[in-house]
Visitor: 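Before I ask anything, here is the structure I am working with.
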Number of protein chains: 2
Amino acid sequence: MSVSLHDIAKAANVSPSTVSRALNDHPRIGTQTKAHIKSLAKEMGYIPSAVAQSLITNKTWTIGMVITTVADPVVADFVDGVDEVAQTAGYSLFLSNSRNDPQREVAVVETFQSRRVDAIIVVASRIGSTYSSKLDQLKVPIVLIENQKHGDFYHSIFIENTIGAKAAVDHLIELGHRRIGFIGAVDRPKSNDERLLGYKMALQQANIPVEPELISLPDSNDDFERGQRGLAEMVAAQATAVFCYNDRTAIGLIKGCEQQGILIPQHLSVVGFDDIQIASYLRPALTTVRQPRVQMGRLAMQMILGLLDGQAVQNQTLSCELVVRQTTARK
Amino acid sequence: MSVSLHDIAKAANVSPSTVSRALNDHPRIGTQTKAHIKSLAKEMGYIPSAVAQSLITNKTWTIGMVITTVADPVVADFVDGVDEVAQTAGYSLFLSNSRNDPQREVAVVETFQSRRVDAIIVVASRIGSTYSSKLDQLKVPIVLIENQKHGDFYHSIFIENTIGAKAAVDHLIELGHRRIGFIGAVDRPKSNDERLLGYKMALQQANIPVEPELISLPDSNDDFERGQRGLAEMVAAQATAVFCYNDRTAIGLIKGCEQQGILIPQHLSVVGFDDIQIASYLRPALTTVRQPRVQMGRLAMQMILGLLDGQAVQNQTLSCELVVRQTTARK
DNA sequence: CTCAGTTGTGCAAACGTTTGCGCAATTGTG
DNA sequence: CACAATTGCGCAAACGTTTGCACAACTGAG
């Protein structure tokens with residue numbers, strides 16, 4: 001099939017080991033031999049087999065990344081960040097969707113183990129402690145981005161959900177709103193809880209009672225749909241402002257408003273979370289909380305590199321930032 | 001490190017080959033031996049090494065996908081489609097960004113070759129004929145999605161750019177527009193040319209002269225930015241409608257209009273291309289040409305499966321569909 | 001001239017599987 | 001009961017590398 005070390009060895013009349021050493025610039029190989037072998041390898045179109053190398057060196061230079069779906073722009077940016085530093089460090093990236101299905105998630109992780117990836121990155125995992133049994137055996141480093149099970153498992157990188165959410169709601173309160181709603185995400189339990197906590201903290205600090213009917217957790221796995229569905233509860237509860245779990249939920253909410261003739265921000269103020277690229281292009285432009293997504297991806301991969309280097313790495317929690325645009329107004 | 005066939009063999013007092021056959025349900029292994037070995041393997045946490053298997057079977061069950069960036073929602077949907085059928089067919093996906101840099105693209109492809117992927121999928125390749133020399137040696141199937149070099153290389157899947165573009169411009173003409181602009185993309189030469197051709201065909205068919213000043217090709221690699229930059233030329237040329245290379249360009253254009261007080265669609269009609277998810281959530285909602293992106297991804301992977309199965313597969317060109325929303329109006 | 005050090009290369013084992021072949025033990029057939 | 005067929009398992013080679021060790025041929029110092 002493809003040309004191997006042996007083929008080159010035969011052509012150069014040397015042993016395979018000499019070819020190997022020559023191509024790896026081993027000092028003990030004669031300069032002319034080296035040159036000869038290298039040119040021969042090039043002209044024969046030799047491409048070393050990473051799989052054979054992996055087998056013997058016990059290192060694959062691959063990392064496995066399991067995500068919910070790459071169609072989510074937040075996840076896409078994570079991937080971009082990871083890929084960037086992985087590529088420059090010489091690692092290839094296995095990508096696999098779990099579609100937010102825990103069963104699929106473990107299946108994917110097992111595939112990765114079989115492939116002997118050097119490390120694993122999981123985005124928005126719902127597995128949590130189940131990993132302990134699965135992964136403690138194989139000693140591959142694993143880092144979780146926005147893990148969705150409560151508790152600190154393995155190495156993780158988080159965002160300051162609570163602080164960000166509080167800032168968002170603080171902003172609404174400053175604008176004079178008192179009946180502020182929250183539309184959450186059932187499929188991201190932990191960050192949802194944290195953002196909800198920030199929401200509650202802001203209200204309590206302003207001595208505004210937390211009313212259950214202002215908190216909506218529509219039972220859907222689609223961000224947009226949750227926004228649209230949550231609207232009914234919001235109007236029923238007479239909210240004048242809504243903080244949404246994320247931008248896409250806010251966008252769904254806004255679409256619902258449009259259909260019902262509710263004006264944003266005149267009738268209803270809306271703030272999202274994430275600051276996805278499109279947020280500033282919406283009209284009205286979306287007020288939201290910015291997450292350094294690509295940076296989170298880079299950081300995750302850098303943590304991996306540190307771990308592979310035997311360093312002790314710290315879990316990281318990155319901060320986010322309120323971006324005020326046009327979907328929020330005085331009450 | 002991790003438990004191998006030999007470890008199980010020792011524990012079961014049989015030979016490694018027996019273990020291998022037992023786990024692979026070879027008929028010539030005794031039922032009790034088989035059961036014993038299987039339970040032993042499970043309790044010892046055995047996970048077969050895909051790399052050792054690959055080495056001997058000469059099949060890695062991996063496919064390499066090189067994309068421009070996953071942050072582009074169009075590309076993301078391709079990836080989702082590919083991943084879906086790859087996963088169910090038992091293949092893992094290597095993903096690598098080229099950032100639309102041809103040099104990076106060949107580097108990535110070489111990495112894939114070294115990893116002995118079973119097939120390669122390239123999105124929006126700018127390499128084209130260069131592949132011949134690179135890939136003819138290694139007999140791995142390759143399929144290109146929206147190849148950006150002219151000429152038919154390898155197996156490809158395309159979209160009916162020209163027909164879609166013509167439909168878009170036809171729509172504008174029907175609405176009474178005569179001065180219709182086009183804002184293109186320099187970094188996607190082929191599909192840009194095709195969409196431009198559709199634009200010209202529509203005009204010619206309506207006996208409207210094609211005027212160079214109505215065609216803008218802003219020199220930028222950012223979709224949004226090209227839209228914003230193209231606006232100046234459009235107003236200078238007194239366009240009453242603009243067909244944009246893609247939705248993100250249209251969104252950039254619309255943002256520029258907003259800043260200059262140009263009303264959409266009253267002052268300017270805009271139509272995009274792609275129908276990315278957000279298009280229907282914009283206000284006004286974007287008139288555009290829908291591409292079956294996920295389907296294209298699936299199809300690409302299905303072509304791969306066919307090729308790996310030794311079948312002769314046909315290049316596919318999928319059709320697209322005009323979706324009229326709110327950014328277009330009578331002149 | 002001798003001997004230690006250096007330089008250049010080859011042998012062979014190893015990585016963890018799969019698989020063709022061989023062989024003993026069991027089963028079935030006449 | 002004899003012999004063929006079947007059943008159950010092991011041996012060893014192979015996949016394409018890397019690498020410790022051995023070894024021969026030089027080089028240079030004393």
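So that the names make sense, note that chain A is the first sequence line, chain B the second, and so on, each numbered from 1.
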Visitor: Find the distance A:Ile29:CD1 to C:dT7:C1' and express it as a whole number of Å.
Guide: 10 Å
Visitor: Are any protein N/O atoms closer than 3.5 Å to N/O atoms in nucleotides 15-17 of chain C? If there are, list each pair with its distance.
Guide:
| unit_1 | atom_1 | unit_2 | atom_2 | d |
| --- | --- | --- | --- | --- |
| C:dT17 | OP1 | B:Tyr46 | OH | 3.1 |
| C:dT17 | OP1 | B:Ser49 | N | 3.3 |
| C:dT17 | OP2 | B:Leu5 | N | 2.8 |
| C:dT17 | O5' | B:Tyr46 | OH | 3.1 |

Visitor: Between the side chains of A:Arg298 and A:Glu84, is the shortest nitrogen-to-carboxylate-oxygen separation below 4.0 Å, so that they form an ion pair?
Guide: yes
Visitor: Give a yes/no on whether any side-chain N or O of B:Ser15 is located under 4.0 angstrom from OP1 or OP2 of D:dG10.
Guide: yes
Visitor: Once you round it to whole Å, what is the distance between C1' of C:dT18 and CZ of B:Arg28?
Guide: 16 Å
Visitor: Measure the distance from CG on B:Leu23 to C1' on C:dT19 and round it to the nearest whole Å.
Guide: 15 Å
Visitor: Within less than 4.0 Å of OP1 or OP2 of C:dT19, is there a side-chain N or O belonging to B:Ser17?
Guide: no
Visitor: Atom NE2 of B:His26 to atom C1' of D:dT6: distance rounded to whole Å?
Guide: 14 Å
Visitor: What is the nucleic acid contact for B:Val14, judged by heavy atoms within less than 4.0 Å: base, sugar-phosphate only, or nothing?
Guide: sugar-phosphate
Visitor: Within the structure provided, determine whether A:Ile142 and A:Ile121 are in side-chain contact (heavy-atom separation under 4.5 Å).
Guide: no
Visitor: Would you say that A:Ser96 contacts B:Gln87 through its side chain, given a criterion of any heavy-atom pair below 4.5 Å between the two side chains?
Guide: yes
Visitor: Base, sugar-phosphate alone, or nothing: which one does B:Ser54 contact when heavy atoms must sit under 4.0 Å apart?
Guide: nothing
Visitor: Identify whether the distance between the nearest side-chain nitrogen and carboxylate oxygen of A:Arg104 and B:Asp83 falls below 4.0 Å.
Guide: no
Visitor: Starting from P on D:dG8, measure out to CG on B:Asn13 and report it in whole angstrom.
Guide: 19 Å
Visitor: Using whole Å, report how far CD of A:Gln32 lies from C1' of C:dT7.
Guide: 12 Å
Visitor: Could you give all pairs that pass the ring pair (Phe, Tyr, Trp, His ring centres under 6.0 Å) test and reach residues 33-84 of chain B, with sequence neighbours left out?
Guide: B:Trp61-B:Tyr91
Visitor: Is it the case that the side chains of A:Asn97 and B:Asp80 hold a donor-acceptor pair, with the cut-off being a distance below 3.5 Å and no angle test?
Guide: yes
Visitor: Can you find a donor-acceptor pair, distance only, under 3.5 Å between B:Arg21 side chain and D:dG8 base?
Guide: no
Visitor: Sequence neighbours excluded, which residues qualify as side chain to side chain contact (heavy atoms under 4.5 Å, CB included) partners of B:Ala35?
Guide: none
